[in-house]
Amino acid sequence: MAKIHISPFLCLFFILVNVIPHSADETQPTIFILGDSTADVGTNTYLPGSKVRANFSHYGIDFPHMRPTGRFSNGFNSADFVARFFGLKRSPPPFLFLLTLKSNHFQKHLLKGVNFASAGSGLLDITGPNMSIVPLSRQISQLSTVKDNLTALIGSTATETLLSKSMFFISIGSNDIFGYFMTNSTMPRDQFIGILISAYSNHITNLYTLGARKFGIISVPPVGCCPSQRLLQKLINGVDGCFPPENDFALAFHSALDTLLVNISSQLPGFKYSLGNGYLMTMDVINNPQAHGFDNVDSACCGYGILNSEGPCNSTAPLCPDRRKYLFWDQFHPTKRAAFLAAQTLYSGPPYYVSPINFSQLAKDY
Ligand SMILES: *[C@@H]1O[C@H](CO)[C@@H](O)[C@H](O)[C@H]1NC(C)=O
Ligand SMILES: *[C@@H]1O[C@H](CO)[C@@H](O)[C@H](O)[C@H]1NC(C)=O
Ligand SMILES: *[C@@H]1O[C@H](CO)[C@@H](O)[C@H](O)[C@H]1NC(C)=O
Ligand SMILES: *[C@@H]1O[C@H](CO)[C@@H](O)[C@H](O)[C@H]1NC(C)=O
Ligand SMILES: *[C@@H]1O[C@H](CO)[C@@H](O)[C@H](O)[C@H]1NC(C)=O
Ligand SMILES: *[C@@H]1O[C@H](CO)[C@@H](O)[C@H](O)[C@H]1NC(C)=O
Ligand SMILES: *[C@@H]1O[C@H](CO)[C@@H](O)[C@H](O)[C@H]1NC(C)=O
């Protein structure tokens, strides 16, 4: 297998299909969000020494008031759009931000949900070493603290009820796959995927034990197609296009996760889930950009050099002419429009992309 270098971060992107938008309905569940940079709304800004941050321009250029918030996007990300479909204004704030508030404000926020996602994180604790990020295991410990705080606030019965009706949105796994390639691992693919799935199984079981019942999960996109990995394909193999071995892992991950969730739902009473196929959603756009309103599905909108991906997106980087026409915002992440389309598909898409039910059904189904 080719040896490659990958910048030591995170993440990804993923996507969509055009489905008629659905307006927010009467059910407005509390939302808890876990995952990586695709769902991070500023967590790493509050982590001392974090090396994976986006709290500077041009990030946030299409966010209200053009404000960089730590989101790895030109505007809202998929966590925001999922929250919007459920009737919220945007994602709930980062847990680490809530910790900076006075206790009465902290408590008020908890009832509406919390975002724990941290850019660079993975299913495995060894993913994102020394970058000061919050791995999924620690995000779940933070949720456990939140549960204690809710219990102190509204009592244990009401807390159990609230958690059982809440939506748990999880977007993670890409950084583990990047880590595998970055460390030039020689472990066979299926063995590595087995380790990831076993970790995912433990995380889900831990969340279930804390009281979570409704899981809205998105699998990994074709990570080999993000601009940074296309650049590798060009430099290493001398050809244009996606970097195939990473996509192969992403596809295997989806299929194993699908199997895991079927199994878990047969074992844990009351467990409900919706799995978005991040691979297929993104690939269908890449294979047919115009049908989804994109002109460019290979370059970053913000960045330097070949594929705007040789240098990172920062405040002096060139910007593409029309951000709505690009699938990728930076070397790794989708644009705001791509994130919207992904969330729309998760919320109201057909079983081809999100199964066995979509997120709107998951929210209704008590
Ligand atoms: C980003 O966050 C870090 C840590 O909180 C802070 O030191 C830095 O000034 C922030 N950058 C901007 C542009 O706000
Ligand atoms: C992370 O830090 C530890 C201890 O400081 C060091 O041994 C290890 O090599 C570092 N890992 C990476 C990938 O830099
Ligand atoms: C939240 O719960 C943790 C753990 O029980 C506790 O240490 C912390 O003080 C609580 N925070 C608030 C604001 O109640
Ligand atoms: C992986 O292989 C590349 C290319 O041979 C090498 O430059 C890099 O240092 C290796 N990385 C690790 C973590 O061993
Ligand atoms: C389903 O899960 C159980 C318990 O975790 C495990 O023992 C079993 O092997 C799994 N079955 C399949 C088909 O993966
Ligand atoms: C942005 O990145 C480029 C290319 O890596 C670098 O030359 C430039 O100094 C950076 N600008 C800022 C403001 O950090
Ligand atoms: C998504 O779920 C809704 C139920 O809320 C259902 O009516 C709809 O048919 C589903 N969408 C598709 C395209 O299957």
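Every number for a ligand or one of its atoms is a count from 1 in the order of the listing.
- For atom 3 (C) of ligand 6, the closest heavy atom belonging to the protein is Tyr304 CE1, 3.4 Å.
- A salt bridge does not link Asp240 with Arg230: every distance from a Lys NZ or Arg NE/NH1/NH2 to an Asp or Glu carboxylate oxygen is 4.0 Å or more.
- The nearest protein atom to atom 14 (O) of ligand 1, hydrogens excluded, is given as Asn55 O, 3.5 Å; this is a heavy-atom distance.
- In this structure, atom 7 (O) of ligand 1 is not in close contact with the protein, since no protein heavy atom lies within 4.0 Å of it.
- Of the protein's heavy atoms, at least one falls inside 4.0 Å of atom 11 (N) of ligand 6.
- By the 3.5 Å distance cut-off applied to N or O atoms, Ser348 is counted among the residues near ligand 7.
- Ranking the protein heavy atoms by distance from atom 13 (C) of ligand 6 puts Ser315 OG, 3.4 Å first.
- Both the backbone and the side chain of Pro350 come within 4.0 Å of ligand 7, counting heavy atoms alone.
- Shown in contact with Asn314 at under 4.0 Å from a heavy atom are these atoms of ligand 6, numbered in order with element: 1 (C), 2 (O), 3 (C), 8 (C), 10 (C), 11 (N), 12 (C), 14 (O).
- Using a 4.0 Å cut-off between charged side-chain N and carboxylate O, Arg71 and Asp80 make a salt bridge.
- Heavy-atom proximity to Thr45, at under 4.0 Å, picks out these atoms of ligand 1: 2 (O), 4 (C), 5 (O).
- Disulfide status for Cys302 with Cys320: absent, SG atoms not under 2.5 Å apart.
- Looking from atom 5 (O) of ligand 6 to the surrounding protein, the closest heavy atom is Pro312 CD, 3.7 Å.
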